[in-house]
Amino acid sequence: MKSAFGCIVAALAFAAPAHETSTPVRVGTLPLVTCKNHFILDEPCGPLDTTIPVPTAIAVDARGNVFFSGPNIVYKLAKDGVLTRVAGNGQPGFSGDGGAAVDALLDIPFEEYPERQRDPIDFSELVGPLAVDAAGNLYIGDAYNNRVRKVTRDGIIETVAGNGEQGHFGGFPADADGAPATSVTLWWPQGLGVDAKGRLFIADSTGVLLQIDDAGRLVQLTHNDCGTFESPGLCAPEGIAVNAAGEAFATDAYCRVRKVRGPDDVETVAGDARPDPHGFVFTCGYSGDGGPATLAGLEAPFAVALDGAANLFIADTYNHCIRKVDGNGIITTVAGQCGHAGSAPASGPALVAGLWEPHGIAADSTGNLYIADTRNECIRKVTPEGVMTTIAGNC
């Protein structure tokens, strides 16, 4: 069970599109990618030959291509199994707007502070959120650059939100509502989503959920409610998923998932809002399978996804499992063994597989789930039948 203060200083996360131009990941070209059993420098790495350092956010486009982020880089795993780099060269920094995304600098580290060793929720992890729109554009939460960047299908990168300056927690500028998105000060954007109309949603570490309207201006949908809990806001919002109706689902630091319908129209859809035995205003932990999701314990969930049947999937990160909330609001586990970190076999039942701090999750149109198994440094796929396989990473 964790304190509200521990969450207030904490849990930041983030959560990717089709590109026709990309660069194959090859041995020797990137210090953060190595292939096993490959000795020819121009030989492409296969997805299962490649070491993937701490994959975090993940997304899938309408064609079935999977995108995932690691420190300062974004990869694409095409439906035909070819692994490519689509943004970032692996080095931290900011550059490249107007040019090729593969030559640009991103600043999306995966960081963990020492406090994490004492309190599993007193931490800040920046995971480079991703989103993909229907046109195949990729959006990246360029966290330490305090920007959101867009990569077009022809591989060109540009800034679409944030002016590069850093705001501060709980202090989203009052005059930012209605301002051009690229003029606003952001602080570590850590969650992204796109609705059916192509409108971009941003979870900002100032504690608010934002939307860019059709005119390219920001609309503030929530306020920061850290310290108040029951108010219609979010505390350190993280991963986002948006449904066909334009409703956004966001995880936050109070170990919950909230649904945002519009400005300050917010409700909790998963996570136990009852005080824990120590008197804190909410409960973290693991509980609730088979019952109402609003009475279930979650442990620092970082990401959410929606499938075509409106099921909500939650990366219950520090419970090391993936959970599902169905249309009746009932929560169950669909992958991993909640409460136990482990390593999955190459293939087998998802419910007996081991996951280790999964930070990202995505769903495709046919009901497959894709998991960024962060500490195992692999990308997993779970079929609708409940079979898990490794599709990238040599874990």
Heavy-atom nearest pair, I240 first then A203, reads CD1-N, 3.4 Å
When rounded to the nearest 0.5 angstrom, what is the spacing between CG in L106 and CD1 in I157? 5.5 Å
Cluster overlap V194 with V148, hydrophobic side-chain contacts below 4.5 Å: yes
Spacing of T389 atom OG1 and R380 atom CZ [to the nearest 0.5 Å]: 9.0 Å
Taking the side chain as everything from C-beta on, heavy atoms only, tell me whether V54 gets closer than 4.5 Å to R375. yes
Salt bridge present between R217 and D213 (N-O < 4.0 angstrom): no
Check for a donor-acceptor pair, side chain of R258 on one end and backbone N or O of G233 on the other, with a separation under 3.5 Å. yes
Run the side-chain contact (heavy atoms from CB on, under 4.5 Å) check on N146 and W187 step by step: do they pass? CA-CA 5 Å; N146 302 296; W187 184 46; 4.1 Å; yes
CG on L351 to SG on C321, rounded to 0.5 Å: 10.0 Å
Residue pair I371, M388: steps toward the side-chain contact (heavy atoms from CB on, under 4.5 Å) verdict: CA-CA 10 Å; I371 303 166; M388 179 184 286; 4.1 Å; yes
Can any side-chain N or O of D252 pair as donor or acceptor with the backbone N or O of Y254 at less than 3.5 Å? yes
Check: F201 and L221 side chains under 4.5 Å, non-hydrogen atoms: yes
For F249 and V242: C-alpha separation, side-chain torsions, deciding distance, then whether side-chain contact (heavy atoms from CB on, under 4.5 Å) applies. CA-CA 6 Å; F249 295 76; V242 185; over 6 Å; no
Locate the shortest heavy-atom distance separating G88 from I73; write the atom from each residue and the value. O-CG1, 3.8 Å
Can you find a pair of side-chain heavy atoms, one from D316 and one from H320, that are under 4.5 Å apart? no
Does one hydrophobic cluster hold both V325 and I330, with members joined at side-chain heavy-atom distances below 4.5 Å? no
When you check the gap from the basic side-chain N to the acidic O, do R256 and D225 get nearer than 4.0 Å? yes
Please check: side-chain N/O of N376 versus main-chain N/O of G342, any donor-acceptor pairing under 3.5 Å? yes
Give a yes or no on whether L295 and I331 share a hydrophobic cluster (residues Ile, Leu, Val, Met, Phe, Trp, Tyr; joining criterion: side-chain heavy atoms under 4.5 Å apart). no
Would you check if I108 and W188 make a side-chain contact, meaning some heavy-atom pair closer than 4.5 Å? no
Is any side-chain heavy atom of P237 less than 4.5 Å from a side-chain heavy atom of L209? no
Residues A87 and V151: closest non-hydrogen pair is CB-CG2, 4.3 Å
N224 side chain to C235 backbone, donor-acceptor under 3.5 Å: no
How long is the span from the CG atom in L298 to the CG atom in N319, to the nearest 0.5 Å? 7.5 Å
Would you check if the side chain of E377 reaches a backbone N or O of C395 as a donor-acceptor pair within less than 3.5 Å? no
Would you check if T283 and C255 make a side-chain contact, meaning some heavy-atom pair closer than 4.5 Å? no
Which residue is it: V184, V219, I202, T182? I am looking for the one with a side-chain contact (heavy atoms from CB on, under 4.5 Å) to I212. I202
Show the nearest heavy-atom pair for residues R199 and D214, with the distance to one decimal. CG-OD1, 3.7 Å
Y318 vs H359 aromatic rings, parallel, tilted or perpendicular, using cut-offs 30° and 60°? perpendicular
Any chance you could lay out the salt bridge (charged side-chain N to carboxylate O under 4.0 Å, His left out) test for R149 and D97, step after step, and finish with the verdict? CA-CA 9 Å; R149 303 175 80 181; D97 272 5; 2.8 Å; yes
Do I58 and I379 pass the side-chain contact (heavy atoms from CB on, under 4.5 Å) test, and can you show the C-alpha distance, the side-chain angles, and the key distance before you say yes or no? CA-CA 9 Å; I58 191 167; I379 304 300; 3.7 Å; yes
In Å and rounded to the nearest 0.5 Å, what is the CG to CG distance from L200 to D195? 9.0 Å
Nearest 0.5 Å, please: how far is CZ in R63 from CG in D364? 15.0 Å
Any Lys/Arg nitrogen of R147 or D142 sitting under 4.0 Å from an Asp/Glu carboxylate oxygen of the other? no
Least distance between heavy atoms, A57 atom then P129 atom: CB-CA, 3.7 Å
Taking the basic N atoms (NZ, or NE/NH1/NH2) and the acidic carboxylate oxygens, is any pair closer than 4.0 Å for D307 and K324? no
Answer yes or no: is there a donor N or O on one side and an acceptor on the other, between the side chain of N145 and the main chain of G93, under 3.5 Å? yes
Can you tell me if S287 uses its side chain to pair, donor with acceptor, with the backbone of G297 under 3.5 Å? yes
I391 reachable from F68 in the ILVMFWY side-chain graph, under 4.5 Å edges: yes
Same apolar cluster (I L V M F W Y, side chains within < 4.5 Å links), L105/I140: no
Under 4.5 Å between any side-chain heavy atoms of Y286 and R323, yes or no? yes
For D289 and T332, which I'm curious about, is there any donor-acceptor pair between the side chains at under 3.5 Å? no
Can a donor-acceptor pair be found, under 3.5 Å and without considering hydrogens, that links the side chain of E299 to the backbone of G285? yes
Tell me, do F313 and V334 make a side-chain contact under 4.5 Å, heavy atoms counted? yes
For residues T56 and S69, is any side-chain donor paired with an opposing acceptor at under 3.5 Å? yes
Heavy-atom donor-acceptor pair, T317 side chain to E357 backbone, under 3.5 Å: no
Minimal non-hydrogen separation, S95 against A104, with atom names: O-CB, 3.3 Å
Where the side chain of N65 meets the backbone of K79, is there a donor-acceptor pair that is under 3.5 Å apart? yes
